Structure formats: C-alpha cells, structure tokens
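Computed from a predicted structure; not experimentally measured. For the numbers below, each heavy atom of this structure counts, side chains included, while hydrogens, waters and symmetry mates do not. All chains are named by letter (A, B, ...) in the order of the sequence lines, taking the proteins before the strands, and each is independently numbered beginning at 1.
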Amino acid sequence: MKVLAAMSGGVDSAVAAARAVEAGHEVVGVHLALSRNSGTLRTGSRGCCTIEDSMDAQRAANVLGIPFYVWDFSERFKTDVVDDFIAEYQAGRTPNPCMRCNERIKFAALLEKALALGFDAVCTGHYASLLTDADGNLELHRSDELAKDQSYVLGVLTADQLKHSMFPLGATASKDLIRAEADARGLAVANKPDSYDICFIPEGDTQDWLAEKAGKAEGEIVDRSGAVLGHHEGAHGFTVGQRKGLSIGRPAADGRPRYVLEIRPKTNTVVVGPQAALAINEMVGNKFTWCGVAPSNVDEWMPVHVQVRAHGDAIEAEFRIHESQMQIRVHEPILGVAPGQTAVVYQGTRVLGQTTIDRTVSAIPVDAE
Amino acid sequence: MAVYLDHAATSPIRPEVLSVYLAALQEVGNPSSVHSFGQSARRNLEEARESLAKSLDCHRSEVIFTAGGTESDNSAIIGLYWARNTPDASRRLVVTAGTEHHAVIETVEWLENTQGAEGVFVPVTAEGQLDLSWLRQFVAERHDEIALISLMWANNETGVIFPISDIVALAKPYGIPVHSDAVAAFGQIPISFKDSGLTAMSITGHKIGAPVGVGALIASREAKISPTSHGGAQERGIRSGTLSPALATAFAKAAEVAIAELPIKSGSVAAMRDRLVAGVKQIAPDAVFSRGSQPGLPGTAHFTFPGCSGDSLLFVLDMNDVSVSNGSACRAGVAQASHVLLAMGRSRADASSALRISMNCTTTEADVDAFLAQLPKGYESAKAAGMPSK
C-alpha cells in the first residue's frame, strides 16, 4: 500500500512510520504545518507546532529513508480547530480540540488530500487498534497499553475513515517499549518528552489565552437559586467542574467549596454550587457518529461503557438512540461533565461511536441543595 | 535518475569549477598574511577578483567578496542608507518593490523598524513589470528625501526583467544611489556593471554553478557604503573577515563559464523554455504564465495553476522523479503564498498555486520531455486534492 505517515516530530509517530516501512508499505512522511507563525524551538509540553518539531520529523524520515514533505493545513486548522475552540467556549461549552483535529484535519483534510494524491492510507502514532470482525468489517479498539490508550480521541472516525487509517502502535504493551524501539532504530526523538498541552495555546494557560481571544465581558456568578454571589470578567473563562478562581468572597452556608455547575452564555452568567450538584446521570447529544458498522437495535437501551474525557475512566452505562439523539445513562452519577465534551461509547474494548454532549441531566434536583 | 529543473534555487557545480576549486582548497595561506604563503593566497584571490570583474565588466576594486546574495543585499541597502544619512539624517525613503527578494524586503523593513526609514514600494503590473512612470514621478517629487533605490535586475520567481538602465537614468540627475539585486539575472543574461550605471549590485555563486557560500557585492568606486560588520577591514572596509581564495576562484570560474554560455542560454535554453511553456498550455489550458509578454530570463518558466495547490503539484512531480519548485520562500518546509504574486495583485489562492520550472545549460530536451510527461498526472491529482483552504 501507499501510506502517508503523519509525523508530528514526536517519538510515537516516528515509530509508527518505521513500522509501516517495515511492514513493506511504500511510505512517505508528511508533517502538518498547523500554525502560520510557528515558533522556532519547542517549549513546555506542546508537541508538533514548532520548526524544531518539523525538523525532528524530517530527521526521523531521513533515518527511515523515506521521502518527507511539510503540508500546510494552517488555514483549515485555524477555522476548524482554533476558531471552533473559541466559539465553543463562548457558547458555554467545553470542547476537545484534539478530537476536532482528528475529525476535521488528520482524518479529513489530510486524508482527502492523501487519497487524491494517490495514497491508500494515513498512518499515525495513536495508541489504538484496528481489528476486523468475522464479516471483514473494521473495528476500532482500545490499545493494549491502556495507560496510553487514545481510542477516545479517535472515536469520531467513521467506517470510511477507518478503511484508510493505520495505527501501528495499537498492539504495544507500553510506551517505554516504543521509546526503546525508537532508540534501537536510531531515532533521535527516542527520549523526546511527551506532549499533552493544547498545541496552539502558549505556555498552556487556557484561561488567559481565551480572555485575550474572546475579550472581557463582566457578568454575574449566581447560585442555583439565582442569588448573585459575585462577578466575573467573562463566562468563557470558566469550565464546568472548575473550583479555583471563582473569586466569591462569602463562603457557602455549609462552608464547603463551590464549583462551576453551568455556564449560561446568553446571559453571561456562571452558576455555582456544591460539588454534589455536579453529579449527572444522563447525557444527551444531537449529533453522533458510528465508529465502523452501526450496532443494530439502537433504539433499545444497550449496556455499554462511556468515556467523557481523553484520560477518563470507562464508566458503566447504557445508551440508545431516541428521537434522533444519543441518550447515555450512567449507572452511578458522575461529576463534572460539560456540554461540548465528547462521550465515546465502548462495548468492551471496541469503540461503538460518539456524540458531542449537548445537555446533561443532574442527578440531584435543585431543591436538594 | 531524477530530473532537476530547479536551477533558480541552486545550480549544480560544473566539473571545470570543481577542479579549480579542489586544487585551490589544497593551498594553505591567509591572503592577509605577509609571508610567502599569504602572498600566494593573495595572488589566487586577486586573480579570481580580476577574472570576476571581467565577467561583470567592472573594475577589480569594485568586487567585494561576501558569503552570498543575502549578505550582499543587506550590506548594500543598510550601508548605503547609513552613508546617505550621515551626517544629516534627512533622507529617510528607501524605494523598492513588493516583488523583491526577501533579502531586500526584510532589510528595508528592518530599516523601517529600527532606523527610522520609510519603505516606498513602487507598484508592479499584473505581469510583474515595474511601473516606471510612477517611479519617475515619485523621484521627481521626493528626490531630496530618497536615501536609495533598490530594484532587482530579474525576478527570482517569475523571471521578469526590470529596465535597470531606465531606473538608473531617472535617479542619476538627483545623485540617488541605485542598488540592484542581480542574483537571478547574473549569468543568465548579459550584464555590464559599467554600462548599467548602478551604484551597487548583488550577485551570488551557487546560482551559476559555484559552491554555496560565496557571493559578491559590486560597489562602484564612488559608492559610499557604511560597513555593517566590523573587524579587520578587508574588502574596502565594507566586508571584514578572512577571505577564501578557493571560493573566490570557484566563483570566478563559474562566472567565466556562465558568460561564455550566454549565447546558449538565449538560444537553445530559451527555445526549451518556450517549448515547455507551450506544452504546459496544452496540458493545462487554464494555467497562467506569470510574466505574460514581459521580457524574462531564458531559463525560467513560472505559472499559476488555478484550483491546484502548488505543494500538491510539486509533490506528485517529485514522487515521479521530476524536481521543480513553488518559487516562493519556504518557512519550515512550507512554501509560503508567493509575496511576488500578491504584489502583482494576484489573489492569495493564485499565490499558493504557483510552480516554477528553471533550466540551465545542463538541462536537456529529455528533461523537458520528462516534465511534460509527468505534468498531466500531477495536474489532475492536484486539482482533485484542491486548495488548502475550503
């Protein structure tokens, strides 16, 4: 197969490319330029976006003996990921930009361009496994290395996208083995630190960055009864479940800390309350996708596990499609789930599908506060 | 064997250049040393300087060796600006064009940001030609404020040739120094520094088959250029630093070969270019030949392909063993939207859909055939892949 290896400059994508080469594929390395004004040197824990990262990717491609190119997706990345991220926060939601990047850049814009230019598949360094069922249909599964498993951020992929995807790191027992393999292959990125910060936010300070992009707008901080407890400089600076930085002078009646429960962008209001009030037992999403073949009888409740953040736990739940919406009920209430987050539904290790959460149902009624 | 059609980026070192270069590299001696080794090194250096001066039709004292075109442009523009504003800082305008090389534009912007200069960008036409009447009027009106004019001899992307003698003629009555970046033009078309009347001119070796790392600033004997770096005061005090007789020798030899081959360039190379342009038109009727009917370099063919991203075209051609360029500057491996095309009033989409094919005397008809054979596939796939923005 003709394989395009997306190379960020990190160790995972370098080893993934190496394995694709070893498997006998005709591999070309491509680094995605995602920023118009990329920095010179890598700083902190952000990967992929500096000239140094691009050079690291190129050096890895040189060692593997494969051609290497840099493709410019900065405009698409800005509109589809960065602007979306800001708009979601402004709408009072909590987006996952890595998910958007997979959905709209790596497995959309990049994949489409790759197919048009004669490639059969895009290979990445994600920790996830592609398996084939008895009928030959592709299924996305959790990685064998559960601590690194990235099937969650790939949950947005559809059957068509899976057909043209390759995740050579899926069956790896640990990240240490990947580093050792990189070292053995002579890849200089073997000991490069992991990246986990949002790549387009400098110094990892999301709140400051958002305040700068979205501007300041003073609003009220209220409790669930509507009583005004304080003021803030912009509702977009808050995330559901946030405890610090609320600047409410008076303590709660019970003396316990208060948390952000809800953000109401229309009135620029932040609703706070006790931690217990963060508990939800149901989430609903209007837009959902199936990761591979759609399961049958989806209008009936089906036992599954749900995951609501990249490194979150798999939670026992059941789900169904009801009135064109995905409804997910968790068995035990969970805390801090915000609209905008993605809920990925698993059956065992297999990713069934995902939805972006539009609303949640609180486990505790208001008058119980 | 891959086909190389990117001579405007750098041209392969010629065998006759390599042999004199290797021989010269084996000689020890700093040309500034007094002993016999130094004298021998100095002799080699000065022979190279004389030879290069002959190729350029200038005086030997007018050749200032540098490390390349970018350094020459910086030294000329900053050095002329400073000299023109000493002791009276009254000449703030630096006249140039938006289609200049980054080495010129960025230097002018640096003067603006740090030295109180004001850049004046002469308009260019849709075909990349300078609006000479605009310049004439501007100079007539503001000559007292102009520090210098810097306009390139030929454009490195589109190949368009500017009327240098006309530019010099309209600046001369007012004593305004004129610098020209002749990096793309030197060795491709006849150039006489003496006849041009220029104050200063930048050239580089590697575009004509010398090693990378040597260039020259040609500065007339009357030119007042303040030094931008300081040290042992070599090269008229304008360019301090130990000189390399080997690089100078290689550069001089490459220039000699390039000048001797000028008739081939205006003959068979230009004919190959015309055949290539006609072939492209046949394969991609919507492709636009960037310089239209303007005079241009014999070996350069620059196009935009509507609806095709330049990097897709380049990629498919490269995958099929034909190496061409997008023409524009790269940042971290990404071809930027061409500032030259933008300055010509072309759209951002056009500026991202460019392809430059550049040839030299070592280019063969078979190379052109290979390009034309692979273009349909590249054009088709690039069209399918679309543009980077939605």
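Identified by a heavy-atom distance below 4.5 Å to chain A, contributing residues of residues 366-380 of chain B are lacking entirely. Near-neighbour residues of residues 153-161 of chain A relative to chain B, defined by a heavy atom under 4.5 Å from a heavy atom of that chain, are none.
Within a 6.0 Å sphere centred on NZ of A:K287, heavy atoms belonging to other residues, nucleotides or ligands number 12 at most. B:E109 CD: more than 12 foreign heavy atoms inside a 6.0 Å radius.
In this structure, A:A116 and B:A384 approach most closely via the heavy-atom pair CB-C, 3.8 Å. For the pair A:L117 and B:A385, the tightest heavy-atom approach, listed with the atom from each and the gap, is CD2-CB, 4.0 Å.
Contacts between B:S352 and chain A at a heavy-atom distance below 4.5 Å are absent for every atom of the residue.
Residues that satisfy the side chain to side chain contact (heavy atoms under 4.5 Å, CB included) test with B:E71, not counting sequence neighbours, are B:T66, B:A67, B:S75, B:R239. Partners of B:E118 according to the side chain to side chain contact (heavy atoms under 4.5 Å, CB included) rule, which considers only residues two or more places apart in sequence or in another chain, are B:L93.
B:D311 places none of its side-chain heavy atoms less than 4.5 Å from the side chain of A:Y69.
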